[in-house]
Amino acid sequence: MSGELSLNINIKEPRWDQGTFMGRAKHFFMVTDPRTVLLSSETLDEAKVIVENYRAGIVKPGLTEDELWRAKYIYDSAFHPDTGEKMFVIGRMSAQVPMNMSITGCMLTFYRTTPAVVFWQWVNQSFNAVVNYTNRSGDAPITVNQLGAAYISATTGAVVTALGLKSLATRLPPIVSRFVPFAAVAAANCINIPFMRQRELKYGIPVTDENGNRLGESPNAAKQAIVQVVVSRIGMAVPAMAIPPVIMNALEKRAFMKRFPILNAPVQVGLVGLCLVFATPLCCALFPQKSSMRVSSLEEDLQEKIRQTSPHTTTVYFNKGL
């Protein structure tokens, strides 16, 4: 095909239909691709220039549609959708698989002693705090005090849950104690995410009409967004923290694992990584990134404002975060 690339490609939206689970899954397999973590700052900045120029009607000579979409997904993997800021590298969704496979693998391996449980729950919640802050919805800042409260609350909740379940599990079959880290992580997600995004619950997140025009901020939209993110995060943890313990429980009875116990950690990390490669994008795809709700479900004052400024709008849209 000759000539310049058409300016009619809508790169404000994902390449695949987000009204279907398969379309969202394809989108998130691209967004969470761990290979993008290895890209240099120059490559990321080049992708940003290509995307922003295209949106402004400027096409790089010789640019193909596939190259445009690749630039768009590189851009999406590293820059916040609301603020446009380059995200901290370990907080990006593309870092989820390598970071979580290492941390989760160690949590599942070193679960027998109290110091190990406390240490790895602390490491996990420190990582989660970075991820939750990096992938928050909206463009409003969060204070140091709010960050500190979220971090302390989530870490304390995870450690207390893990230690409580660990003490109960001592009277149950050994396989049960292997699931203590998952229960602690699930509980911590229910604490960490709402606390990290508490400003959104208080002041709301931006809601727009179907054309992207900002209509106001809604705490009700924030509640829906946070619930969806909590469900997705717990869903991501289920395969990675439920399947490897069962496999490892069987493997540790084999002669070769008894002869080489040093293999326990790397095998566990590998199993977790295999699960996360699929669980991360598939659970992100449970709900559309651009979520929606009826105007009638918003706060009364915001409903009135929308009736006055955009009377034909019946549904609003917002970035739910990840």
Side-chain angles (χ1 to χ4, degrees), residues 34 37 88-93 95-135 144 146-196 230 233-234 236-249 251-252 257 260-276 279-280:
V37 174
F88 186 49
V89 63
I90 68 168
R92 300 172 191 168
M93 292 308 293
Q96 285 288 292
V97 172
M99 290 298 298
N100 267 327
M101 67 182 285
S102 303
I103 296 172
T104 304
C106 289
M107 288 171 66
L108 294 175
T109 302
F110 308 110
Y111 66 92
R112 290 184 172 90
T113 67
T114 297
V117 169
V118 172
F119 176 75
W120 286 109
Q121 288 294 336
W122 168 73
V123 170
N124 187 53
Q125 290 314 309
S126 298
F127 171 63
N128 281 345
V130 173
V131 173
N132 294 335
Y133 173 73
T134 303
N135 294 282
V144 174
Q146 289 170 335
L147 281 172
Y151 174 71
I152 292 170
S153 300
T155 304
T156 302
V159 170
V160 169
T161 302
L163 293 179
L165 292 173
K166 183 177 181 296
S167 65
L168 291 174
T170 56
R171 297 187 292 273
L172 298 171
I175 183 66
V176 175
S177 61
R178 288 182 177 272
F179 291 95
V180 167
F182 167 67
V185 166
N189 273 323
C190 295
I191 300 169
N192 193 319
I193 296 171
F195 264 91
M196 188 59 67
V230 169
R233 292 286 189 85
I234 293 176
M236 286 180 207
V238 170
M241 302 191 80
I243 297 174
V246 175
I247 296 174
M248 290 303 298
N249 197 58
L251 288 179
E252 286 180 358
M257 286 296 284
F260 304 103
I262 196 171
L263 293 176
N264 191 304
V267 170
Q268 188 115 244
V269 169
L271 288 171
V272 170
L274 183 63
C275 292
L276 286 172
T280 300

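Taking the side chain as every heavy atom from C-beta outward, V89 and V37 approach each other to under 4.5 Å.
Shown here for C106 and V269, the closest heavy-atom pair between the two residues is N-CG2, 4.5 Å. In plain terms, the two heavy atoms of V130 and F88 that are nearest each other are CG1-CD2, 3.6 Å. For M101 against V272, the heavy-atom pair with the smallest separation is CA-CG1, 3.6 Å. Between I103 and W120, the shortest heavy-atom distance links the atoms O-CE3, 4.4 Å.
Put simply, CG on N100 and SG on C275 are 12.0 Å apart, with the number rounded to the nearest 0.5 Å. Note: T104 OG1 to L276 CG = 6.0 Å, rounded to the nearest 0.5 Å.
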